[in-house]
There are 2 protein chains.
Amino acid sequence: MSQGFRQPDILKIARQDGKVTVENLAAHFGVTLQTIRRDLAELAEANKLERVHGGAILPSGTTNIEYQERRNLNQTAKQAIARACARHIPEGSSVFLNIGTSTEAVARQLLRHRDLMVVTNNMNIANILAEKPDGQTIVTGGKLRRADGGLVGTVAIDTIRQFKFDIAVIGCSAMDTDGDLLDFDIEEVGVSQTILTQSRQGFLVADASKFNRTAPARIASMKSLSAVFTDAPVPGGLARLCQEWNTDVIVTT
Amino acid sequence: MSQGFRQPDILKIARQDGKVTVENLAAHFGVTLQTIRRDLAELAEANKLERVHGGAILPSGTTNIEYQERRNLNQTAKQAIARACARHIPEGSSVFLNIGTSTEAVARQLLRHRDLMVVTNNMNIANILAEKPDGQTIVTGGKLRRADGGLVGTVAIDTIRQFKFDIAVIGCSAMDTDGDLLDFDIEEVGVSQTILTQSRQGFLVADASKFNRTAPARIASMKSLSAVFTDAPVPGGLARLCQEWNTDVIVTT
DNA sequence: CCTCATCTGTCCTAAACCGAAAATTTCCGA
DNA sequence: TCGGAAATTTTCGGTTTAGGACAGATGAGG
């Protein structure tokens with residue numbers, strides 16, 4: 001019985017009991033404490049377990065942490081983009097804020113705007129705007145997605161159809177150089193498209209890293225948007241296209 | 001058993017009960033008060049908990065103060081009521097949880113139930129259930145009421161109509177001795193009534209202080225409910241009426 | 001048979017943890 | 001406002017645990 005055999009068993013015990021102790025494992029496998037420590041160190045390195053004094057526990061909230069980290073990614077860029085976007089949203093208007101960390105940043109910047117009617121399908125945004133003393137916040141219904149607090153599904157789409165917005169603020173997973181907006185999640189694409197059809201103007205908030213990525217589902221083309229907010233000049237050909245389409249490109253520094 | 005093992009458990013207890021006391025935790029884990037204090041200090045440092053004299057509570061964050069205080073009112077009674085109610089909710093069932101501090105307590109007690117489908121129009125409940133690893137949480141749409149995180153209005157009612165629940169758990173502002181359930185808020189009454197018509201069983205959770213109060217709007221009669229959960233025997237005449245109506249009255253101690 | 005790589009046990013020092021007691025702060029009723 | 005009780009912070013010492021270093025054991029491959 002060696003490392004390779006013990007580690008899956010250790011994981012099984014951990015998942016069953018929620019925790020493991022160095023001492024019990026040593027007794028269970030008939031090896032020394034030091035050997036178990038080495039196993040646990042490897043499992044912790046691989047993020048299978050979380051090491052604590054005297055043993056190990058299951059890693060805490062693996063799902064949410066991913067979103068948390070995504071939120072911190074490019075944080076200063078996102079904030080600058082959000083500020084620029086917020087400046088283009090007049091007080092008193094009706095706005096939709098979609099799922100996403102970028103739109104969440106916009107929500108924070110909108111806290112000072114007066115008399116907005118904000119509709120969102122993002123629980124995090126709703127929580128942020130709950131602090132806002134004036135205006136109205138409306139939450140679309142939907143299935144709560146634990147990973148990112150998004151509300152998705154037919155209920156969400158049906159609710160959105162009942163409104164007409166001045167401005168829709170959406171994010172995306174990736175942008176193609178031909179101006180197409182892409183997303184990883186088909187379910188979300190349906191929501192984004194519905195939002196755009198229900199809005200007079202569409203704003204995209206996306207940091208420049210989205211240009212270096214790709215995703216399978218197509219939301220729409222920049223052609224149908226009024227403005228794009230980002231933090232680096234868009235590739236040359238696309239800039240010309242946007243001009244042709246009458247889509248403003250606002251680049252923050 | 002050391003620090004690393006206790007802290008996740010402490011968090012779990014805190015999330016379930018809304019608060020923890022140094023003394024209870026010390027007894028629970030069989031360690032001294034000082035040790036628990038060190039744990040709580042660390043959890044507070046990591047913003048997982050908020051330290052208070054004698055124990056710790058969940059970080060306040062969004063909810064407003066008045067609601068926060070209402071939540072603390074009769075807290076132990078509410079918790080006992082919620083526990084009893086949760087015991088009557090089978091695993092795997094579909095449940096609606098209405099606005100209110102009592103229903104919020106029920107949500108905490110339901111965290112351990114498996115494979116529930118919970119629908120709610122209460123943002124606080126949605127936030128609580130977002131931690132739940134299994135089952136589904138669905139949020140009705142609606143206008144976000146800052147005072148208590150409730151989602152109200154026609155959007156909410158329309159969404160509810162799309163479901164059929166095994167059990168509806170509702171609260172109320174006051175109870176009349178003739179068995180009528182009353183509420184201060186007309187808007188909320190409409191939601192409660194819709195919920196009840198869409199459910200096979202109706203549960204009321206209400207602490208005994210509601211008997212000494214009155215309110216203008218009528219939700220329904222206890223006659224239409226399956227069970228009432230409270231913390232003191234109901235007035236004599238009403239007890240007989242409930243028996244006649246086949247409405248169980250569960251009194252927690 | 002030899003060699004190399006890997007795993008394991010033992011030893012040792014530094015760090016973490018826990019409980020106890022003293023000093024200080026906070027809370028709450030008079 | 002004040003005083004006592006409860007809770008907290010601080011400090012200290014004893015005990016457990018962590019993790020690096022090194023040597024022996026084991027097994028595969030040449």
Side-chain angles (χ1 to χ4, degrees), chain A residues 1-61 65, chain B residues 1-61 63 65-79 209:
Chain A
M1 173 89 76
S2 84
Q3 237 179 16
F5 291 104
R6 280 193 308 272
Q7 296 193 2
D9 278 357
I10 292 176
L11 274 181
K12 202 171 4 173
I13 295 171
R15 278 195 243 280
Q16 190 174 320
D17 300 348
K19 67 173 189 212
V20 290
T21 67
V22 174
E23 205 145 342
N24 285 346
L25 288 174
H28 182 265
F29 291 111
V31 295
T32 57
L33 304 174
Q34 187 58 31
T35 302
I36 294 298
R37 285 198 195 104
R38 276 188 277 249
D39 286 335
L40 295 184
E42 279 191 29
L43 289 168
E45 184 68 27
N47 290 323
K48 306 288 190 71
L49 287 180
E50 198 170 308
R51 194 75 168 81
V52 298
H53 209 78
I57 56 177
L58 292 176
S60 60
I65 284 174
Chain B
M1 170 88 76
S2 83
Q3 230 178 29
F5 291 117
R6 283 191 305 271
Q7 295 190 2
D9 279 353
I10 292 176
L11 274 182
K12 197 156 45 163
I13 295 171
R15 279 198 245 278
Q16 189 168 325
D17 298 349
K19 66 160 193 202
V20 290
T21 67
V22 174
E23 207 143 338
N24 285 346
L25 289 174
H28 182 268
F29 291 111
V31 297
T32 58
L33 305 173
Q34 291 87 328
T35 303
I36 294 299
R37 290 199 189 101
R38 273 188 279 252
D39 286 335
L40 295 185
E42 278 193 29
L43 289 169
E45 184 69 25
N47 290 324
K48 307 288 191 73
L49 286 181
E50 202 168 304
R51 196 75 169 77
V52 296
H53 210 75
I57 56 175
L58 293 175
S60 56
T63 44
I65 292 169
E66 190 186 325
Y67 185 75
Q68 192 79 267
E69 283 175 2
R70 198 146 59 83
R71 179 187 300 165
N72 293 337
L73 206 65
N74 291 336
Q75 208 214 4
T76 53
K78 276 180 184 150
Q79 204 171 308
S209 70

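Every chain is numbered from 1 and lettered A, B, ... according to where its sequence line falls, protein lines coming before strand lines.
Taking atom CG of Leu25(B) as the reference point, atom C1' of dA7(D) lies 15 Å away to the nearest angstrom. Look at CD on Gln7(A): it is 15 Å from P on dT6(C), rounded to the nearest Å. One can place CG of Leu33(B) at 13 Å from P of dA21(C), the figure rounded to the nearest angstrom. The NE2 atom of His53(A) sits 7 Å away from the C1' atom of dA18(D) (whole-angstrom rounding). With rounding to whole Å, Glu45(A) atom CD is found 14 Å from dG19(D) atom C1'. The separation between Phe5(B) atom CZ and dC18(C) atom C1' is 15 Å, rounded to whole Å. Taking atom CG on Leu40(B) and atom P on dC18(C), their separation rounds to 13 Å, with Å as the unit. Remark: P of dT17(D) and CG of Asn24(A) are 11 Å apart, rounded to the nearest angstrom.
Overall bending of the helix from dC1(C)-dG30(D) to dA30(C)-dT1(D), expressed as the angle between end axes built from five pairs apiece, is 40° (10° steps).
Nearest to the side-chain atoms of Arg6(A) among the listed nucleotides dT17(D), dT26(C), dT8(C) stands dT8(C).
The nearest heavy atom of DNA chain C to Gln34(B) and to Glu42(B) marks one nucleotide each, and the one closer to the 5' end goes with Glu42(B). With the nearest nucleotide of DNA chain D identified for both Arg37(B) and Arg51(A), Arg37(B) has the one nearer the 5' end.
The environment of CD in Glu23(B) is sparse: at most 12 heavy-atom neighbours from other residues, nucleotides or ligands sit within 6.0 Å. By the neighbour-count criterion of 12 heavy atoms within 6.0 Å, atom CD of Gln34(A) is densely surrounded, having more than that number from other residues, nucleotides or ligands.
Contact annotation: Thr35(B) side-chain N/O to dG19(C) OP1/OP2 distance is under 4.0 Å.
Here the side chains of Pro59(A) and Asn47(A) are not in contact, with every heavy-atom distance at 4.5 Å or above. Using a 4.5 Å heavy-atom cutoff, the side chains of Ile36(A) and Thr21(A) are not in contact. Side-chain atoms of Val52(B) and Lys19(B), non-hydrogen and from C-beta on, never get closer than 4.5 Å to each other. Counting heavy atoms from C-beta on, the side chains of Arg51(B) and Arg37(B) come closer than 4.5 Å. Here the side chains of Thr35(B) and Phe29(B) are not in contact, with every heavy-atom distance at 4.5 Å or above.
No N or O donor and acceptor, one from the side chain of Arg38(A) and one from the base of dG20(D), sit under 3.5 Å apart.
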